[in-house]
Amino acid sequence: MIPKVFREVIDLGDGRTISIETGKLAKQAHGSVVVQSGKCMLLCTVVSNYDASPGIDFLPLTVDYREKFAASGRYPGGFFKREARPSDGEVLTMRLVDRVLRPLFPKDYHAETQVMIQLMSHDDDVMPDAMAGLAASAAIQLSDFPFECPISEVRVGRINGQLIINPTRAQLEVSELDMVIGASADSVMMVEGEMHEISEEEMVEAIKFAHDAIKVQCAAQIKLAEAFGKKETRTYEAEREDEALAKKVEALTYDKVYAVARAASAKHERSAAFQAIKEEVKATFTEEELADFGDLVSKYFYKAEKKAVRDLTLNEGLRLDGRKTTDIRPIWCEVDYLPSVHGSSIFTRGETQALATVTLGTSREANQIDMPSFEGEERFYLHYNFPPFSTGEAKPLRGTSRREVGHGNLAQRALKNMVPADCPYTVRVVSEVLESNGSSSMATVCAGTMALMDAGVQMKKPVSGIAMGLISDAETGKYAVLSDILGDEDHLGDMDFKVTGTADGITACQMDIKVKGLSYEILVNALKQAQAGRLHILGKLVETIAQPNADVKPHAPKMITRVIPNAFIGALIGPGGKVIQELQKATKTTIVINEDPITEEGIVEILGTNQAGIDAVLAKIDSLMFKPEVGGTYEVKVIKMLDFGAVVEYLDAPGNEVLLHVSELAWERTENVTDVVNMGDVFNVKYFGVDPKTRKEKVSRKALLEKPEGYVARPPRENNDRGGRDNRGGSRDNRGRDNRRDDRRPREDRKED
């Protein structure tokens, strides 16, 4: 018996709908929904343990998003035919959902919580990641979790000035922006995306448009939960609180922390000073008291520290390192630092430093993307590494973290649209973060820009990035936007957002808004202040390298692309790849041949550091494609001597050979080929096309010579002069099967004849 199913439908306003369904699948989970649009179906389940994890003072929330290959009727690639570690695309979707959900759980809720979202059916016209946040929130609304309010996420595109909710992948290809916005009905909480140099006002307009759609989706979740039967929120053991102790710690801490914060010290010096104050506070308590409520002392110390630092900024406009709210830390840059790489740069801003490298290659080095929801490749990609020494810590390395994937993707999206579409190379940028106190992802954007220009990649425009913060007080209405935030300011602020762009507009952004009901007026002001900071940093980059180098470095590979007709691809490759392999070995180049899916022409990529080798490959291609015209005159060279003529090679097409018959050497009768030409001789011949008798190409030397005086052409031979094929031993009819049978008669019969 099929259980009762509860369903809500969301109208997207253009004929498309999203449905949320529960009651049929995964009923042992604490909440489960199936979200469907078109043929795309996501199953989301949520579970949270009823007991808090011992010794943990944070929410151990895991958001897991996976795409099943069966969803698109495919097998996983490779030998191991099973979905394994998540792809970068799946990790990015996990981060999008996590960043919106996490702030809505109570700060003292510490139970192990897992949100699992699975793509069970794929539709080429629906991008599933845009519905993942909706699925997660809807499942939580059906659970008994302590969760503040429903949220949702939508993607926004813009085509010809028209904003679109949840565009298809095909629409995104021509869209002027690609933004994912997460929000509740009351507040925008998360923004991430890439843009084609749009203005701050246009960005805010897109956020408002998305928020209107999200309000409808939040209302649908509430209706579904009410129809299903809203569960009573579970009770859990809250953290201990002691108001008297909190006041005591603040009284002992606030003024001292305020003084240290106002002293404008460096990161490690400031941290040591704060730690010393904390130890002084703890010293006022007995060992028994610390054993009983030492964790509360640490908790209240952090709150007092946060309040003092925020008050310093709101009251005096000063920050931990002595800067004013709009000041950017000192910047120094350098390019061409690493002698052997194709392009390199160092970007240092305050206590944050990134070393970027660029590597140039062929299409063979493209980053292959193999997901159930998308198959393709990236000819430009960026990798970001964040080693523990960058913050002065020693930690084990356990592979690429989700944070590294996310920050690298943000920097990649910031830069990719400034790499011209006709760039012949596959370009890989790697950012090594060497120091971090502030946004290393924005340092990566700046270092990546300079490294690309140093490598000779002809970027349309340089790109810079800046991380911004916000401190606000709802009671007084005061707020301060902070340019180029420190790591400490990131943790204590109400909003941290990263904005990248050129001198003409925004190319990418990432925002996490922690305060409810942030006004769009404050958001616009923050973006305008970010613009001023971006342009200041951009000026420093341009001072270091004003424009891309005209050419790649001498030791970097040069890339030449040649288009050839489809018919010549096989000749260039040769049997079993013999021709192309020998050519690569002889010229010390890399040759890659792709077929244009539309024109079916061959696209030949030639990569090499030696121009002579590249020229040799081009000459070979020209040779293969060389077609002499009938009546044309061509210079040739003798490369082989035969009894009946000489094999000559077109000098304009090395390797392209033709037979010069002995009868076409000279007007006089030629007994020996060597009487007229020898090996290595160079002369002109006339091309006559394909001889209808021999069905071979015909060239003539004598046709370009004057006839000798008194020359008389020899009469054409008659068919019976030397006996044609029919006269050799009788006609074919005279050698028919009947005669052969007579020949095979027994000897006795022949004697009688």
Side-chain angles (χ1 to χ4, degrees), residues 562 564-565 567-575 578-583 585-587 611-729:
R562 177 64 62 86
I564 64 174
F568 294 98
I569 295 177
L572 181 56
I573 295 173
K578 181 179 179 181
V579 173
I580 194 170
Q581 289 172 9
E582 290 182 351
L583 188 59
K585 185 177 180 181
T587 60
Q611 188 62 45
I614 294 175
D615 292 341
V617 176
L618 292 173
K620 178 65 175 179
I621 294 173
D622 290 339
S623 172
L624 291 172
M625 296 175 58
F626 177 76
K627 285 295 180 184
E629 296 181 2
V630 175
T633 299
Y634 300 95
E635 193 173 25
V636 298
K637 178 180 179 180
V638 178
I639 60 171
K640 187 184 294 185
M641 302 292 290
L642 303 172
D643 290 342
F644 50 86
V647 177
V648 295
E649 177 185 64
Y650 293 98
L651 292 185
D652 288 341
N656 205 318
E657 307 167 359
V658 66
L659 174 65
L660 174 60
H661 194 266
V662 63
S663 62
E664 298 297 331
L665 286 173
W667 291 105
E668 300 85 354
R669 180 179 178 84
T670 304
E671 297 293 340
N672 298 307
V673 176
T674 54
D675 293 341
V676 180
V677 296
N678 289 288
M679 281 288 293
D681 285 357
V682 176
F683 47 86
N684 290 334
V685 295
K686 187 173 182 178
Y687 181 74
F688 286 95
V690 177
D691 190 320
K693 292 183 179 179
T694 63
R695 297 181 181 177
K696 294 182 179 180
E697 291 183 300
K698 178 181 177 181
V699 293
S700 174
R701 176 177 177 270
K702 74 178 185 182
L704 299 177
L705 302 175
E706 291 187 9
K707 292 182 181 180
E709 189 175 345
Y711 172 81
V712 178
R714 296 174 63 187
R717 293 172 176 169
E718 297 180 6
N719 289 339
N720 60 358
D721 283 352
R722 294 177 59 187
R725 187 172 181 85
D726 292 340
N727 293 328
R728 282 183 273 170

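- For NZ of K637, the number of neighbouring non-hydrogen atoms (other residues, nucleotides, ligands) closer than 6.0 Å is 12 at most.
- For the atom pair CZ (F568) and CD1 (I621), the distance works out to 11.5 Å, reported to the nearest 0.5 Å.
- Here N672 pairs with T674, D675 under the side-chain contact (heavy atoms from CB on, under 4.5 Å) rule; sequence neighbours left out.
- Residue Y687 comes nearest to P628 through the heavy atom pair CE2-O, 3.5 Å, listed as atom of the first residue, atom of the second, then distance.
- Contact check for V699 versus E697: no side-chain heavy atoms found under the 4.5 Å cut-off.
- Here D622 contributes atom CG and N656 contributes atom CG; the two are 11.0 Å apart, rounded to the nearest 0.5 Å.
- Around the CD atom of E629, the shell of radius 6.0 Å holds no more than 12 heavy atoms that belong to other residues, nucleotides or ligands.
- Using a 4.5 Å cut-off on side-chain heavy atoms (C-beta onward), V648 and V658 make contact.
- Closest heavy-atom contact between K640 and M679: N-SD, 3.5 Å.
- Within the 4.5 Å cutoff, the side chain of L659 has heavy atoms near those of the L642 side chain.
- For the pair V638 and A646, the tightest heavy-atom approach, listed with the atom from each and the gap, is CG1-CB, 4.2 Å.
- Contact record, S663 with K702: O-NZ, 3.3 Å, taken as the closest heavy-atom pair.
- Each of T587, I580, L583 was evaluated against K620; a single residue qualifies, L583, per the side-chain contact (heavy atoms from CB on, under 4.5 Å) test.
- Summarising the geometry of K686 relative to G631, their closest heavy-atom pair is CE-O, 3.8 Å, with the distance given to 0.1 Å.
- Between N684 and Y634 there is no side-chain heavy-atom pair separated by less than 4.5 Å.
- The line from NZ of K693 to NZ of K698 is 8.5 Å long, rounded to the nearest 0.5 Å.
- Counting all heavy atoms, side chain and backbone alike, P708 lies closest to E668 at CG-OE2, 3.4 Å.
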Practice prompt. Start with the C-alpha distance between V630 and F688, add both sets of side-chain angles, then the distance that settles side chain to side chain contact (heavy atoms under 4.5 Å, CB included), and finish with yes or no.
Written response: CA-CA 5 Å; V630 175; F688 286 95; 5.6 Å; no
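- Interatomic distance, OH of Y650 versus CD of E657, reported as 11.0 Å (0.5 Å rounding).
- The CZ atom of R701 lies 7.0 Å from the CG atom of L665; values are rounded to the nearest 0.5 Å.
- Rounding to the nearest 0.5 Å places CZ of R562 at 11.0 Å from CG of L572.
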